[in-house]
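Fair warning: this is a prediction, and the values are worked out from it, not measured in the lab.
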Amino acid sequence: MIEKLKELNRNLPHISTWLKFDRLPWIIAGPCSAESEKQMLSTAKALAGSAHVKVFRAGIWKPRTRPNSFEGVGDVGLKWLRAVKQETSLLTTTEVANAKHVELCLKNGVDILWIGARTTVNPFVVQEIADALKGTDTPVLIKNPINAELGLWLGAIERIYQAGIRKIAAIHRGFSSYEQSQYRNQPHWEIPIELERLLPNLALICDPSHISGDKSLIEQVSQMALDLGIKCLMIETHIEPDKALSDSKQQITPKELARMLKRLRMPEAAPADKQLKAQIAHLRAAISQTDTKIIRDIAERMKLVEQIGRLKHEHNIQVLQLGRWESLLKDHIEKAQKSGLDGEFIKAVFELIHAQAVNKQL
Ligand code: PEP
Ligand code: MN
């Protein structure tokens, strides 16, 4: 699999060869849904003046969780996307969820297609879309699947690549979860980071609107994305968010977007200043030393585990001692919190350590 991904990575052109923006961060903006020609054109015209915005988004076929909610305007939206293109020279993008959508978009000159989170989870549908794209060089943006699984995201990217498409980017829009959280979709940044490690040439776009679910969080999520080196954001923008027929709470006006763009910081990839470079190198060396200590301590812990495992085996004692594990966990979480660490984080670390310790004794 790694060899296949390496080849895919080698063949991806840099996003700047097929998407031209004037200023960082690059912004894809527009409403969650196309609602009327007037809404589309007034939003697009208000966005078109920004050097950051070169692509206009609008969903025309909307995947909604429940029926009888607004499911998009359908084919007529293609005409409105054409009007946006003619009147503003913005590129256009919309979501495709089956082969028919792809055909209609290609026929109507939609510049870029995106695959939504509810589609990325379904390899049959992704394959159908990939087959419909064969022989074209349409750019495709692939959102992460709804559930926090990298494999499905990679699989969708591979299917589109195997159809001959090379202008591919991935959109991180967060992951659905039962856990209570301030986010509509939790970011789990480690997943897009792992995607970037496996496919460093693949452009990553962040969609702070669907991660946040509420406009009050969009700016901080956008800044987090920029701080992680992501250079392109897809932000839902509506001329009258309160009246939006879908995702009304998470949409901002073009004016609010412009103000937010003034406040966002674009970080440097690496320090240029000599003194700062030295300071960072010094701290990195200290961090590496601490990591070495942690590894040594874990190795020592596992040796003790092996000894206790042998003793239990010799005397026919059960490996898993639930009471001991429970009190250990409680104790570690308390200690961690006293040291200013997040209890949940330490719990996750020790769950991994304990699982390995139990396995070693079996
Ligand atoms: C959208 O972009 O409007 C959308 C439906 O997104 P997602 O697939 O991320 O839910
Ligand atoms: Mn939306």
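Between D273 and K277, none of the side-chain N atoms (NZ, or NE/NH1/NH2) sits under 4.0 Å from a carboxylate O, so this pair counts as no salt bridge. By the 4.0 Å N-to-carboxylate-O rule, R166 lies too far from D137 to be salt-bridged with it. Salt-bridge annotation for R310 and E314: absent, with no side-chain N of the basic residue lying under 4.0 Å from a carboxylate O of the acidic one. Residues K167 and D111 are not paired through a salt bridge, judged by the lack of any N-O separation under 4.0 Å between the basic side chain and the carboxylate. Using a cut-off of 4.0 Å between Lys/Arg side-chain N and Asp/Glu carboxylate O, E351 and K347 are scored as salt-bridged.
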Working note: L81 + N108, criterion side chain to side chain contact (heavy atoms under 4.5 Å, CB included); need CA distance, chi angles, decisive distance, verdict.
CA-CA 9 Å; L81 280 172; N108 283 277; over 6 Å; no

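When all heavy atoms of I15 and A169 are compared, the pair lying nearest together is CD1-CB, 4.5 Å. Closest approach of A34 and I60 over heavy atoms only: CB-CG2, 3.7 Å. What you find for S212 and V221 is that their closest heavy atoms are OG-CG2, 3.6 Å.
A perpendicular orientation is assigned to the rings of W189 and H172, their planes being inclined by more than 60° (bins at 30° and 60°).
Put simply, the side chain of R197 reaches to within 4.5 Å of the side chain of E194, judged on heavy atoms.
Figure legend: R64 and F70 shown without cation-pi pairing, the cationic atom not lying both under 6.0 angstrom from the six-membered ring centre and within 45 degrees of its axis.
Defined by atom type and a distance below 3.5 Å, a donor-acceptor pair is present between the side-chain atoms of E35 and H238. For the residue pair E236/Q250, the side-chain donor-acceptor check at 3.5 Å is satisfied.
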